Amino acid sequence: MKEQLKKILPRNRFARNVSILAGGTFAGQAVVVVASPLLTRVYSPEDFGVLAVYASLLAIMGVIASLRYQLAIPLPEKDEEAAHVAVLSLLVVLGMTLFTALVVAFFRESLAQTFNVPVVARYLWLLPLGLFLAGIYEVFNCWAIRIKAFPAIARTKLTQSLSMVGVQLGGFILGPLALILGHVSGQAAGNTSLGMLAIRNQWSLFCNVGLQGVIRASKRYRGFPIFSTWGGAFNMAG
């Protein structure tokens with residue numbers, strides 16, 4: 001099977017990597033398309049409306065989950081510096097998750113009223129969880145890009161879709177909660193494999209990460225939160 005795939009894929013390294021990533025994304029989207037007729041039979045338009053509001057909020061917050069520091073992970077020449085950027089990104093994701101949890105705890109009713117979907121208030125407690133998982137995935141995804149683990153990234157695209165659809169179909173009796181839980185599980189599906197890929201192969205590297213190095217990384221790549229974060233957030237909000 002692998003030999004056949006090698007014959008099909010382009011020989012040029014860049015084109016091969018693009019083909020692998022595109023193939024994984026296509027396979028993941030194909031799973032969702034195939035499952036769509038079943039999902040529309042067991043869920044109402046109102047259920048999908050709740051999911052759409054949740055997914056929109058998560059998408060906007062997800063852009064700034066790590067203040068775009070994760071985009072700097074592939075840039076350093078030395079792996080030691082890249083590891084500090086990765087840890088910095090993970091710490092920012094944790095901080096943004098805690099901040100979102102506080103906002104949801106005190107203002108979830110107001111948020112629901114703002115979007116004119118009062119029913120979504122009861123599901124917003126899942127927003128910090130989804131943000132945390134999505135942010136972690138983006139960090140490990142950028143590390144996988146750095147080490148050129150493109151097949152692993154492609155596999156996560158497929159497992160994410162399979163996990164999401166599996167939970168949504170299996171838990172349809174829960175209504176919109178199952179749709180949102182499926183969305184959350186889809187975010188989590190690729191974290192373990194990409195996280196283990198980083199930790200297993202570079203464990204000693206991450207063990208040597210220090211606070212001073214993290215601070216230096218935050219200063220050196222401060223252009224990402226200052227410029228890229230706002231552009232990405234406004235683009236996603238639009």
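Predicted model only: the values in this text are computed from it and were never measured.
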Task: Within residues 47-60 or reaching into it, pairs that qualify as side chain to side chain donor-acceptor pair (under 3.5 Å) - sequence neighbours excluded - done: S44-D47

Task: L57: partners by side chain to side chain contact (heavy atoms under 4.5 Å, CB included), with sequence neighbours left out - done: V53, F115, L124, L127

Task: Point-to-point distance, once rounded to the nearest 0.5 Å, from CD of Q212 to CZ of R216 - done: 6.5 Å

TODO: Measure the shortest side-chain to side-chain distance between F48 and L39 over non-hydrogen atoms and say whether it is less than 4.5 angstrom.
DONE: yes

Open item on the list: Determine whether L90 and F206 satisfy the following criterion, side-chain contact (heavy atoms from CB on, under 4.5 Å), listing intermediate values before the conclusion.
Closed with: CA-CA 12 Å; L90 294 173; F206 285 97; 5.9 Å; no

Task: Heavy-atom pair with the smallest gap, counting every atom of V139 and S89 - done: CG2-CB, 3.6 Å

- [ ] Report the distance from atom CG of N208 to atom CD of E80, rounding to the nearest 0.5 Å.
- [x] 8.0 Å

Task: Shortest non-hydrogen contact between G130 and V184, atoms and distance - done: CA-CG2, 4.4 Å

Open item on the list: I need the full list of side chain to side chain donor-acceptor pair (under 3.5 Å) pairs touching residues 65-77, with sequence neighbours left out, sorted by first then second residue.
Closed with: S66-Q70, R68-S228

Open item on the list: So for atom CZ, which belongs to F172, do other residues, nucleotides or ligands contribute more than 12 heavy atoms lying within a distance under 6.0 Å?
Closed with: no

TODO: Among Ile, Leu, Val, Met, Phe, Trp and Tyr joined by side-chain contacts under 4.5 Å, find the other residues sharing a cluster with L211 and list them by chain and number.
DONE: I215

- [ ] Locate the shortest heavy-atom distance separating F132 from V93; write the atom from each residue and the value.
- [x] O-CG1, 3.9 Å

Open item on the list: Tell me every residue that passes side chain to side chain donor-acceptor pair (under 3.5 Å) with R222, counting only those two or more places apart in sequence or in another chain.
Closed with: none

- [ ] Could you please spell out the steps behind the side-chain contact (heavy atoms from CB on, under 4.5 Å) verdict for T156 and Y137?
- [x] CA-CA 10 Å; T156 63; Y137 178 81; 2.8 Å; yes

Open item on the list: If we ignore hydrogens and angles and just use 3.5 Å, is the side chain of N191 paired with the main-chain N or O of L133 as donor and acceptor?
Closed with: yes

TODO: With rounding to the nearest 0.5 Å, note down the distance linking CE in M61 to OG1 in T97.
DONE: 8.5 Å

TODO: Not counting sequence neighbours, which residues clear salt bridge (charged side-chain N to carboxylate O under 4.0 Å, His left out) with R122? List them please.
DONE: none

Task: For the student: nearest non-hydrogen atoms of P37 and T40, plus distance - done: O-OG1, 3.0 Å

- [ ] Could you list the residues that satisfy ring-ring contact (aromatic ring centres under 6.0 Å, His included) with F26, not counting sequence neighbours?
- [x] none

- [ ] Enter the distance from D79:CG to L205:CG here, rounded to the nearest 0.5 Å.
- [x] 5.5 Å

TODO: Would you mind listing every ring pair (Phe, Tyr, Trp, His ring centres under 6.0 Å) that reaches into residues 82-113, with sequence neighbours excluded?
DONE: none

Open item on the list: For V50 and L179: C-alpha separation, side-chain torsions, deciding distance, then whether side-chain contact (heavy atoms from CB on, under 4.5 Å) applies.
Closed with: CA-CA 9 Å; V50 173; L179 286 175; over 6 Å; no

Open item on the list: My understanding is that only residues two or more places apart in sequence, or in another chain, count here; which of them pass side chain to side chain donor-acceptor pair (under 3.5 Å) with S161?
Closed with: none

Task: Contact check, side chains of R220 and V85, non-hydrogen atoms, under 4.5 Å - done: no

TODO: Return each pair, listed once, that meets side chain to side chain donor-acceptor pair (under 3.5 Å) where at least one residue sits in residues 166-177; pairs must be two or more places apart or across chains.
DONE: none

Task: Point-to-point distance, once rounded to the nearest 0.5 Å, from CG of N141 to CG of L194 - done: 6.0 Å

Open item on the list: Quick check: closest heavy atoms across A65 and G135, and the distance to 0.1 Å?
Closed with: CB-CA, 4.1 Å

- [ ] Sequence neighbours left out, what pairs pass side chain to side chain donor-acceptor pair (under 3.5 Å) with at least one residue falling in residues 175-186?
- [x] S163-S185

TODO: Considering non-hydrogen atoms only, spot the tightest contact between P176 and Y123 and give its length.
DONE: CG-OH, 3.3 Å

Open item on the list: If the condition is side chain to side chain contact (heavy atoms under 4.5 Å, CB included), which residues does A178 pass it with, not counting sequence neighbours?
Closed with: Y43, L174

- [ ] Measure the CG-CD distance between L51 and E46 for me, rounded to the nearest 0.5 Å.
- [x] 13.5 Å

